Every structure is written in structure tokens, then in C-alpha cells.
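Some notes on the structure that comes next.
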Amino acid sequence: MGLARPDLRPDPSLSRAEMEGLQRDIAAAATFEDDHGLDPAAVAVEEATSLADGLPPARDGAQERLGTGDEGSADTTPDPDGPTVVGVDQAFLTDRDGDRPDAAVSAAVAFRAGTVVEYASATTPLSIPYVPGLLAFREGEPILAALDALDADPDLLICDGSGRIHFREAGLATHVGVLRDVPSVGVAKSLLCGEPDEPTVERPEGWRTPVRADDAVTTAEPGTVIGHAFQSRQYPNSKRVNPLYVSPGHRVSAATAVEFVAALCAGYKLPKPTRLADAYADTVKRDAD
DNA sequence: GCGACAG
DNA sequence: ATCTTGTCGC
């Protein structure tokens with residue numbers, strides 16, 4: 001599957017102003033409404049049962065297909081032809097004294113009927129530094145490379161970062177979703193911009209509140225709902241867990257984006273596709289040492 | 001000029 | 001994001 005919008009693909013030599021202009025074009029091409037035909041219940045993963053949450057062995061190849069689910073058991077509604085949800089995340093190799101070039105290890109983990117069906121990864125040299133608001137220019141290409149290494153065709157992408165919760169409504173999830181024209185959702189662990197309707201501290205599991213555009217969001221009317229703060233996990237006692245900030249990437253509404261994430265967290269803070277992609281990227285990274 | 005800012 | 005061991009709690 002190639003790019004749906006090659007005209008919106010960033011050139012590595014863009015100036016900052018040009019990157020921001022491209023983000024406005026990407027936001028204009030994005031759809032923040034439901035256009036996927038997916039039912040959150042159909043993408044749900046099994047609730048955490050025991051300690052059976054392992055990873056497969058990281059092999060030399062860039063990808064690996066699994067014939068049968070190797071984690072958990074698809075006892076409820078084992079629909080082999082159900083929608084494919086893909087989680088993407090990255091690990092980084094930093095340049096300690098010129099030993100090796102800076103690089104990103106991107107991992108994509110595909111789920112169907114609540115279980116893993118494929119792992120893929122790609123290692124990409126990094127040139128652009130991290131700049132708040134321009135994350136997609138650093139991580140977008142590496143993520144697309146990992147998706148290229150995946151045989152599965154994603155029906156929904158779960159990205160680690162913001163989507164519509166962004167200065168120009170074009171965060172990482174929106175960037176990747178629009179370029180591939182795949183429904184996508186952004187899941188961030190901290191808030192880039194916007195204002196939650198209510199304070200988010202010490203909320204019970206399952207709690208959520210809208211995040212509205214504030215003055216920092218230059219492309220939306222102030223007050224527009226651009227995402228949600230969502231308490232995916234909380235402990236009865238002791239330490240408190242921070243909420244997630246969920247926002248539409250492309251072809252998903254703010255309300256449905258939270259429903260997808262709620263169906264994918266299964267008792268953990270992060271969606272399972274994200275957790276496994278994170279762990280797989282780390283595994284591949286370690287093997288590179 | 002300062003603040004504030006996903007990963 | 002990354003540099004890093006143990007440790008407290010469910």
C-alpha cells in the first residue's frame with residue numbers, strides 16, 4: 001500500500017515555516033468524523049487475566065507472521081476476518097561519540113480479534129531533531145517504513161502521540177493517517193495544548209472529559225472539542241496514574257477515538273497495541289547492540 | 001523578552 | 001525519547 005497523498009509527504013529540507021504550512025494542509029485534508037465502519041467492541045482486546053503478557057522472540061528478520069495467536073486465548077468472538085488494528089511505537093539509538101548514527105527503531109504490531117497476528121519493524125536514520133509541534137517530521141517517515149514492512153492491511157492505527165490535539169490540528173497520528181488515508185487515533189501521555197473541561201487529577205478508571213481548543217490551537221475555533229483526557233487505569237490505593245490524552249488522527253471522531261482506546265486498554269494504562277509495539281521496538285533495539 | 005510545548 | 005536498580009503495592 002503506497003501513500004494516499006504523496007503530495008503531502010514532507011521534503012526533508014523544508015523550513016520550519018514550510019513544515020507548519022504543510023501541517024495546515026494536512027489538517028485540511030484530515031477528517032475528524034467517523035469514516036471507518038468499525039465497532040469499538042469489535043476491536044477490543046481481552047482483559048488482563050494473569051501474567052501472560054509476553055513478547056515473541058525477536059528474530060533477525062524485519063518482520064514475522066504468526067499463524068496462531070500466541071498470547072491469551074481468543075475465547076470470545078474469534079472473528080478471523082475482523083478488523084486489523086495496528087499499534088506503532090519507536091525506540092531510539094542515540095549517537096554516543098559517533099559510534100553509530102542516530103536512528104529510530106519503529107515497530108508495528110497488528111491485532112485481529114484481540115490477538116497479535118504480526119510484528120514488523122524498521123530502523124531508519126534520523127536527521128530532524130525533536131521540536132514540539134513538529135514531531136511528525138521526525139517520526140513520520142520511520143513509522144511509514146515500519147508500516148511498509150507489515151503485510152497486514154491496517155483498518156485502524158494507534159499512534160503514540162497526539163492527533164488533533166495539536167497547534168495546527170496535525171499531530172503525528174493525523175500526519176500518518178492522512179498520508180496513508182487510514183483511520184487513526186493519537187494517544188499521548190501528556191497534553192500538548194488545549195484545555196480539559198474538568199481537572200484531571202485523581203480520577204477513577206474509565207473517567208473522561210473533553211479537551212477543547214484554546215488559543216494555542218491556531219486552526220480551530222476556541223472551545224472546539226479536539227480530544228479527551230481519559231483515565232485508562234487507576235489504582236484503588238497508593239500511587240496515582242496520570243490520564244491519557246486521546247485525539248482523532250484521521251477518519252475518527254473524538255468520541256469514538258476514546259471508545260477505541262477504552263476497548264484496547266484492557267486494564268492497563270496504555271492500549272495493548274501500543275504496549276506491544278513499544279516492547280517490540282525495545283527488543284529490536286537491544287538486538288542491534 | 002518570557003512562557004509552553006507530544007516523543 | 002534516553003541514561004538506570006531496586007522496590008513498593010496490587
Side-chain angles (χ1 to χ4, degrees), chain A residues 16 19-20 23 26-27 47-51 53 87-97 99-107 123-143 146 157-177 184-196 200 204-205 211 213-218 226-230 233-249 257 261 267-271 274-275 277-282 284-286 288-289:
Chain A
R16 175 168 185 145
M19 292 183 192
E20 295 180 352
Q23 290 188 321
I26 288 173
E47 201 67 28
T49 52
S50 59
L51 42 155
D53 193 3
V88 291
D89 194 19
Q90 294 163 304
F92 298 87
L93 302 170
T94 44
D95 184 7
R96 311 283 286 185
D97 312 319
D99 298 47
R100 65 159 92 81
D102 276 8
V105 174
S106 302
T123 299
T124 312
L126 288 172
S127 48
I128 304 173
Y130 165 68
V131 175
L134 300 179
L135 176 67
F137 293 93
R138 173 177 170 80
E139 303 192 350
E141 284 301 316
I143 287 175
L157 243 38
I158 305 298
C159 301
D160 62 314
S162 287
R164 194 182 185 183
I165 294 180
H166 180 271
F167 307 132
R168 292 165 292 280
E169 298 178 278
L172 181 64
T174 303
H175 184 102
V176 174
S184 62
V185 169
V187 179
K189 291 180 287 296
S190 58
L191 189 59
L192 176 61
C193 57
E195 188 66 27
T200 63
E205 196 165 304
V211 169
D214 56 11
D215 292 333
V217 183
T218 63
I226 54 177
H228 291 272
F230 174 58
R233 178 174 197 181
Q234 193 55 280
Y235 296 108
N237 310 317
S238 75
K239 61 186 174 186
R240 29 181 270 216
V241 179
N242 295 319
L244 295 179
Y245 297 94
V246 182
S247 59
V261 172
Y268 290 94
K269 174 172 181 175
L270 294 172
T274 301
R275 295 205 331 274
D278 176 83
Y280 189 59
D282 274 339
V284 174
K285 173 188 171 180
R286 287 184 53 188
D289 289 322

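Proteins come first, then strands; the chains are lettered A, B, ... in the order of their sequence lines, and each starts at number 1. Not measured: the values here are computed from a predicted model.
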Next on the checklist: Need to verify one output field. Residue with the more 5' nearest nucleotide on DNA chain C, A/E139 or A/Y235?
Outcome noted: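 Nearer the 5' end of the strand: A/E139.
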Have a look at [X] and say if it touches a base, only the backbone sugar-phosphate, or nothing, with a 4.0 Å heavy-atom cut-off.
{"X": "A/L126", "result": "nothing"}
{"X": "A/A104", "result": "nothing"}
{"X": "A/S162", "result": "base"}
{"X": "A/F167", "result": "base"}

Which nucleotide wins on minimum distance to the side chain of [X], given the candidates [options]?
{"X": "A/D160", "options": "B/dA6, C/dT2, B/dG7", "value": "B/dG7"}
{"X": "A/K189", "options": "C/dA1, C/dC3, B/dC5", "value": "C/dA1"}
{"X": "A/K285", "options": "B/dG7, C/dT2, B/dC5", "value": "C/dT2"}
{"X": "A/L135", "options": "B/dG7, B/dC5, C/dA1", "value": "B/dG7"}

Checklist entry - Among A/V217, A/L191, A/V246, which one satisfies side-chain contact (heavy atoms from CB on, under 4.5 Å) with A/I165? => result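 In the set A/V217, A/L191, A/V246, the residue that makes a side-chain contact (heavy atoms from CB on, under 4.5 Å) with A/I165 is A/L191.
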Next on the checklist: So, applying side-chain contact (heavy atoms from CB on, under 4.5 Å) with A/N242, which one of A/K269, A/R233, A/K189 is it?
Outcome noted: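 Exactly one option meets the side-chain contact (heavy atoms from CB on, under 4.5 Å) with A/N242, and it is A/K269.
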Checklist entry - Would A/F92 and A/D102 satisfy side-chain contact (heavy atoms from CB on, under 4.5 Å), going step by step from the backbone distance to the final call? => result CA-CA 8 Å; A/F92 298 87; A/D102 276 8; over 6 Å; no
Distance in angstrom units between [X] [atom1] and [N] [atom2], rounded:
{"X": "A/D89", "N": "C/dA1", "atom1": "CG", "atom2": "P", "result": "8 Å"}
{"X": "A/L93", "N": "B/dG7", "atom1": "CG", "atom2": "C1'", "result": "15 Å"}
{"X": "A/I128", "N": "C/dA1", "atom1": "CD1", "atom2": "P", "result": "20 Å"}
{"X": "A/D215", "N": "B/dC5", "atom1": "CG", "atom2": "P", "result": "15 Å"}
{"X": "A/Q234", "N": "C/dG9", "atom1": "CD", "atom2": "P", "result": "16 Å"}
{"X": "A/R286", "N": "C/dC3", "atom1": "CZ", "atom2": "C1'", "result": "15 Å"}
{"X": "A/R168", "N": "B/dA6", "atom1": "CZ", "atom2": "C1'", "result": "12 Å"}
{"X": "A/R240", "N": "C/dG9", "atom1": "CZ", "atom2": "C1'", "result": "17 Å"}

Checklist entry - Can you tell me how far the OG1 atom of A/T124 sits from the CD atom of A/Q90, to the nearest 0.5 Å? => result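 Interatomic distance, A/T124 OG1 to A/Q90 CD, rounded to 0.5 Å: 8.0 Å.
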Next on the checklist: Please tell me if A/T94 has a side-chain N or O lying less than 4.0 Å from either OP1 or OP2 of C/dA1.
Outcome noted: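 Result: no.
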Checklist entry - Could you walk me through whether A/V131 and A/M19 pass the side-chain contact (heavy atoms from CB on, under 4.5 Å) check? => result CA-CA 11 Å; A/V131 175; A/M19 292 183 192; over 6 Å; no
